[in-house]
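Below is one structure, written out as structure tokens; the observations come after it.
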Amino acid sequence: MRDLFGRDFLSMADLNADELSAVLDAADGFKRSLKEGKVKRSLEGKIVALIFQKPSTRTRVSFEAAVYHLGGKPLALNASELQLGRGETIADTGRVLSRYVHAITLRTFGHHEVEELARSASVPVINALTDLEHPCQVLADLMTIRERKGQLAGLRLAYVGDGNNVANSLALGCALAGMSFTAGCPAGYEPDARTIALARSLAGPEMVRVVHDPREAVAGAHVVYTDVWTSMGQKEDQKRKRDLEPYRLDGELLSAADPEAMAMHCLPAHRGEEITDEVLDGPRSAVWDQAENRMHAQAALLDLLAGD
Ligand code: CP
Ligand code: NVA
């Protein structure tokens with residue numbers, strides 16, 4: 001495994017299979033040591049800037065908590081209150097922040113913005129969600145699946161709904177983990193074509209499928225995942241809702257999957273829209289563990305990228 005220290009994490013594809021498994025092992029280790037009160041304070045004396053151009057509950061609080069547990073200082077920054085919001089370039093912001101802090105996370109719109117920040121910053125940059133990817137979410141998701149199923153390789157994950165940033169990162173994450181990925185999306189709402197091609201090149205074409213029938217997508221799936229129909233920055237309209245209506249994750253769709261299938265959602269959920277209360281609050285739901293594991297996975301990531 002290459003050393004992760006000093007590296008950026010902008011896409012799931014920034015990790016190879018061994019590195020992904022090392023991050024997941026470290027995440028399990030962090031979770032255990034936190035419970036035992038034995039966390040290694042590897043960010044002692046270090047500062048992590050967390051920049052948000054979009055709202056956030058889980059990502060912001062889980063990163064702040066992770067940095068705190070590792071002994072560091074989190075600096076959560078709303079982009080509209082920075083000069084960034086008045087037109088200072090991302091590159092200049094990256095150069096300046098690198099003089100003060102030891103890692104930077106950015107949640108923003110265009111994926112090129114995290115790439116630009118990573119090019120200009122001399123400290124590790126972490127993608128805290130862009131329109132293209134949400135890789136930190138998928139680290140926590142894979143950790144959660146492994147906790148419940150005991151393994152990743154050989155499992156089948158179905159993603160139903162809008163082929164968005166979370167779907168893109170899941171396709172890559174599954175490919176790296178040896179899981180098959182099937183997206184069930186309406187025509188025009190498929191995951192990013194280049195990301196799907198990349199996932200196929202990593203795992204083999206038969207492991208990554210995009211279909212238009214939600215029942216076909218979930219047939220035999222061990223994990224059924226969905227996310228909002230309108231992501232941050234997208235226009236909510238009636239056509240979207242009409243087009244996505246048949247992809248709602250309800251008890252009936254879940255029953256077309258493996259009998260032991262787990263239901264996942266990155267949250268926030270639009271209850272009754274892309275997922276029903278019955279599924280979200282039901283016995284197969286893993287959503288609260290997913291949310292908790294954001295903190296453990298990100299602590300492990302920060303430790304490996306920027307810790308002592
Ligand atoms: N899942 C997730 O990233 O949630 P937030 O938007 O609340 O950070
Ligand atoms: N796809 C959603 C994920 C939110 C965590 C969005 O981008 O708004």
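Scope of the values below: all heavy atoms of this structure, side chains included, with no hydrogens, waters or symmetry mates. As the structure lists them, so they are numbered: ligands from 1, and atoms in each ligand from 1.
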Protein contact to [atom] [nearest heavy atom, distance to 0.1 Å]:
| atom | value |
| --- | --- |
| atom 6 (O) of ligand 1 | R107 NH1, 2.8 Å |
| atom 7 (O) of ligand 2 | N165 ND2, 2.9 Å |
| atom 3 (C) of ligand 2 | D227 OD2, 3.6 Å |

* **side chain to side chain donor-acceptor pair (under 3.5 Å) involving R156 - partner list, sequence neighbours excluded** => none
Less than 3.5 Å between some nitrogen or oxygen of [X] and one of ligand 2, yes or no?
| X | value |
| --- | --- |
| R107 | no |
| H134 | no |
| M232 | yes |
| S231 | yes |

* **Numbered atoms and elements of ligand 2 in range of L129, under 4.0 angstrom, heavy atoms** => 3 (C), 4 (C), 5 (C), 7 (O)
* List every atom of ligand 2 that sits less than 4.0 Å from any heavy atom of L267, numbering the atoms from 1 in the order shown and giving each element. => 5 (C)
* Is there a heavy atom in L267 that sits closer than 4.0 Å to ligand 1? -> yes
* Asked: Does K54 reach ligand 1, in the sense of a heavy atom lying below 4.0 Å from it?
  -> no
* Structure fact -> Judged by heavy atoms only, the candidate from M232, H265, H134 nearest atom 3 (O) of ligand 1 is H134
* Structure fact -> At under 4.0 Å between heavy atoms, what of T59 touches ligand 2? The answer is neither
* Considering all heavy atoms of both residues, which atom of V166 and which atom of C266 are nearest to each other, and what is their separation? -> CG2-SG, 3.9 Å
* **For K35, salt bridge (Lys or Arg N to Asp or Glu O under 4.0 Å) partners two or more places apart** => none
